[in-house]
Amino acid sequence: MPAAGQAQNITIAVGAQVTSLDPQYHALSPNYAVAEMLFGALTSFDANGRLEAGLAESWKPVAPDTWEFKLRPGVKFHNGNAFTAEDVAFSIARPPTVPNSPSSYAIYTRAVKGVEIVDPLTIRLKTDGPYPLLPTDLAQVTMLDKETHEGAATEDFNSGKVAIGAGPFRYVSFRSGDRLELERNEDYWGPKPVWKQVSYRIITNNGARMAAILAGDVDMIDQVPTNDIARLRRESRVKLSEKDGLRIIFLGTDQSRDGESPYLFDNEGKPLPRNPLRDLRVRQALNIAIDRPAIVQRVMEGSALPSAQFLPPGTFGYVPGLEPARSDVNTAKKLLADAGYPNGFRITLAGPNDRYLNDARILQAVGQMWSRIGVTANVEAMPWTTFAARRTRQEFGAFLSGWGTSSAEASSPLRSLTATPSREKGWGGSNGGRYSNPEADAKLEAALSELDDAKREALLQEATRITMEDVGIMPIHIQKNVWAMKPNLVHDARADELTRAQDVRPAAK
């Protein structure tokens with residue numbers, strides 16, 4: 001292949017939809033990946049989830065309630081505008097104002113209570129008391145050009161009109177559901193990307209994605225189907241790149257409706273007068289009916305880790321000893337009977353069929369496992385975009401979803417997935433079941449103002465344990481991340497599963 005710096009093109013096929021080019025519209029891993037190619041943030045995460053410098057070259061607390069960020073000099077947006085503290089202030093203020101956001105980035109900006117621009121390259125962000133996670137939060141908040149993006153709508157990003165950032169690649173074109181075309185930003189502040197042109201194709205069908213890499217039509221794919229991994233290890237036309245991930249696959253349940261739910265019925269198809277999912281015993285029954293090792297071995301073919309909590313071992317806030325419960329049909333039946341449902345009930349169980357590895361197969365497996373305890377699941381698998389919109393409207397009794405994070409700390413999933421939804425705090429943006437536990441919230445609140453790492457981790461562990469014992473969600477497993485590529489490429493695999501063109505380069509000869 002040509003040496004770095006010469007004209008080179010790469011075609012990457014990804015298995016999940018990019019739902020928007022507005023980097024502050026929908027907090028979703030495929031959108032994060034695109035945002036990191038086009039835009040950039042003050043801080044960033046390395047391949048292992050550790051915090052590193054981004055558009056800010058340094059940061060430090062200058063008071064218990066104030067963080068100071070020093071911006072990189074000489075950074076320019078794709079339109080030539082200089083990146084300054086005014087842009088930072090604008091970018092932090094925008095997320096809560098983005099309309100119709102399915103999963104808001106406001107969770108990462110709510111801690112900022114005041115902004116002081118010291119000079120064009122220095123900004124101070126004030127919080128309500130000590131807040132150790134601000135540099136970590138701001139790794140998720142894309143920096144925008146105030147002059148370009150003030151008043152811009154999400155549709156303006158998707159059309160390309162304002163798809164202007166300070167990232168390593170520039171926008172060329174975007175066809176939703178099909179592909180994003182990029183070109184190298186020759187004025188990028190950091191190491192210049194190897195690739196002059198990037199074709200970022202969206203191929204959600206596993207078979208089509210596999211056919212594309214084996215035929216040589218694309219240079220790299222993500223989300224390698226688990227049933228093809230063993231074969232690909234023997235395939236000379238491709239090689240694999242692998243890393244243990246930070247994505248939890250879980251089940252959520254409707255816990256907002258106390259009375260009748262339109263998605264829960266008795267065995268004759270009549271609506272139940274009360275929502276059984278509000279009863280801990282029912283949630284426990286559904287949880288221990290799930291045979292996680294069987295799903296990992298038979299559905300995921302070993303490419304996952306059974307889990308009973310948000311993150312894998314070794315991460316900040318992981319709870320030692322909190323292991324997945326063994327599947328126990330008899331105990332589950334007794335719990336249902338004790339809760340007043342000796343004959344079970346019917347429930348709508350929904351999820352995507354094109355977002356996570358084997359998502360539709362996992363749904364079917366869970367439905368079959370629940371049937372053994374008398375709970376009949378009406379399984380509905382649908383395209384991700386349809387599912388996401390319906391989940392936001394709370395149209396399911398139970399649902400399969402996933403949560404991937406770039407930060408290997410439990411505060412991130414706690415705030416998004418299970419904290420009581422609060423627009424004021426920015427909590428619960430992905431809490432599709434509207435779960436709420438004041439005791440867990442209090443532990444989380446305390447952790448978010450604790451500067452001592454050991455004490456903060458202990459509080460996060462307590463919040464996690466409380467949430468899991470209350471079956472706020474039902475973790476199933478943590479995915480392993482696997483990519484396939486042509487043998488003449490090298491890839492820096494990421495724990496957060498983001499597929500970015502800047503992480504791929506030609507292999508040394």
Side-chain angles (χ1 to χ4, degrees), residues 1-2 8-16 29-30 33 47-48 179 194-195 198-249 291-307 312-313 352-365 402 404 476-509:
M1 296 186 71
Q8 301 174 43
N9 303 335
I10 188 170
T11 300
I12 299 172
V14 297
S29 291
N48 296 309
R179 69 189 66 196
V194 169
W195 313 110
V198 176
S199 182
Y200 201 76
R201 296 182 58 191
I202 299 166
I203 305 178
T204 59
N205 180 273
N206 287 341
R209 206 164 57 255
M210 279 293 298
I213 187 67
L214 291 173
D217 295 335
V218 301
D219 300 299
M220 177 179 178
I221 66 171
D222 66 5
Q223 296 191 28
V224 174
T226 53
N227 57 349
D228 289 313
I229 290 176
R231 175 167 64 98
L232 290 184
R233 294 193 195 284
R234 304 186 299 269
E235 175 59 63
S236 62
R237 290 173 290 177
V238 301
K239 67 179 181 181
L240 300 181
S241 176
E242 304 175 62
K243 197 173 187 72
D244 288 341
L246 296 173
R247 175 174 294 282
I248 184 74
I249 301 299
D291 188 338
R292 289 162 175 82
I295 290 176
V296 165
Q297 293 304 317
R298 299 171 193 167
V299 179
M300 298 301 294
E301 302 189 48
S303 294
L305 176 71
S307 186
N353 59 12
D354 60 357
R355 175 65 186 92
Y356 310 111
L357 288 172
N358 303 321
D359 42 18
R361 291 175 60 196
I362 297 169
L363 278 171
Q364 292 293 340
I476 299 177
H477 60 250
I478 292 171
Q479 287 185 178
K480 293 183 179 180
N481 304 329
V482 185
W483 295 260
M485 69 203 74
K486 292 181 177 178
N488 58 357
L489 296 176
V490 175
H491 175 239
D492 297 325
R494 297 181 61 88
D496 60 13
E497 78 187 38
L498 300 188
T499 302
R500 314 181 311 175
Q502 60 262 47
D503 298 324
V504 194
R505 62 188 183 279
K509 292 187 177 181

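All of these numbers come straight from a predicted model, not from anything done at the bench.
One distance of note links CD1 of I10 with CH2 of W195; it measures 4.0 Å at 0.5 Å rounding. Between atom OG1 of residue T204 and atom CG of residue N353 there is a gap of 8.0 Å, rounded to the nearest 0.5 Å. Distance OG1/T11 to CD1/I221: 13.5 Å, rounded to 0.5 Å. To the nearest 0.5 Å, atom CE of residue M210 and atom CD1 of residue I203 are 12.0 Å apart. Interatomic distance, D354 CG to N205 CG, rounded to the nearest 0.5 Å: 9.5 Å. The structure places NZ of K239 at 10.5 Å from CE of M220, a figure rounded to the nearest 0.5 Å.
Counting heavy atoms from C-beta outward, I202 and P30 have side chains that stay 4.5 Å or more apart. Looking at heavy atoms from C-beta onward, E235 lies out of side-chain contact with P487 at the 4.5 angstrom threshold. Here the side chains of S199 and N9 are not in contact, with every heavy-atom distance at 4.5 Å or above. In this structure the side chain of N488 never reaches within 4.5 angstrom of the side chain of P506, judged on heavy atoms.
Looking at every heavy atom in both residues, A484 comes nearest to L232 through CB-CD1, 4.2 Å. Across all their heavy atoms, R209 and N206 have their closest contact at NH2-OD1, 2.7 Å. Between P306 and R292, the closest heavy-atom pair is CB-CB, 4.1 Å. When every heavy atom of S307 is checked against every heavy atom of I478, the shortest pair comes out as OG-CD1, 3.8 Å. Minimum interatomic distance between A365 and I295 (heavy atoms only, all atoms of both residues): CB-CG1, 4.3 Å. Minimum interatomic distance between D359 and P352 (heavy atoms only, all atoms of both residues): CG-O, 3.1 Å.
R201 is linked by a side-chain hydrogen bond (donor to acceptor under 3.5 Å, both in side chains) to nothing, counting only residues two or more places apart in sequence or in another chain. With sequence neighbours excluded, the residues satisfying side-chain contact (heavy atoms from CB on, under 4.5 Å) with A294 are D291, R298, M369. Residues that satisfy the salt bridge (Lys or Arg N to Asp or Glu O under 4.0 Å) test with D228, not counting sequence neighbours, are R231. Scanning for side-chain contact (heavy atoms from CB on, under 4.5 Å) contacts around D244 gives K480, with sequence neighbours left out. Scanning for salt bridge (Lys or Arg N to Asp or Glu O under 4.0 Å) contacts around R494 gives D496, with sequence neighbours left out. For R179, there are no salt bridge (Lys or Arg N to Asp or Glu O under 4.0 Å) partners at least two apart in sequence or on another chain. For the side-chain hydrogen bond (donor to acceptor under 3.5 Å, both in side chains) test, residues two or more places apart in sequence or in another chain that qualify with R233 are E242. The side-chain hydrogen bond (donor to acceptor under 3.5 Å, both in side chains) search around S241 returns H491, not counting sequence neighbours. For K243, the side-chain contact (heavy atoms from CB on, under 4.5 Å) criterion is met by N48, A493, A495, not counting sequence neighbours. S303 is linked by a side-chain contact (heavy atoms from CB on, under 4.5 Å) to T226, I229, counting only residues two or more places apart in sequence or in another chain. With sequence neighbours excluded, the residues forming a side-chain hydrogen bond (donor to acceptor under 3.5 Å, both in side chains) with K486 are D219, listed by chain and number.
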Checklist entry - Given the rule in the side chain to side chain contact (heavy atoms under 4.5 Å, CB included) test, do Q8 and R505 qualify, once you have shown the distances and angles that lead to the verdict? => result CA-CA 10 Å; Q8 301 174 43; R505 62 188 183 279; over 6 Å; no

Next on the checklist: Assess the residue pair I213 and R237 against the criterion (side chain to side chain contact (heavy atoms under 4.5 Å, CB included)); give the C-alpha distance rounded to whole Å, side-chain angles, the decisive distance to 0.1 Å, and a yes or no.
Outcome noted: CA-CA 9 Å; I213 187 67; R237 290 173 290 177; over 6 Å; no

Item to check | Criterion side chain to side chain contact (heavy atoms under 4.5 Å, CB included) on N481 and D222, from CA distance to verdict | outcome: CA-CA 8 Å; N481 304 329; D222 66 5; over 6 Å; no

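Sequence neighbours left out, not one pair with a member in residues 199-235 passes ring-ring contact (aromatic ring centres under 6.0 Å, His included).
Side chain of Y356 to backbone of I249: no donor-acceptor contact under 3.5 angstrom is found.
Just one residue in the list E301, M300, Q479 forms a side chain to side chain contact (heavy atoms under 4.5 Å, CB included) with N358, and that residue is M300.
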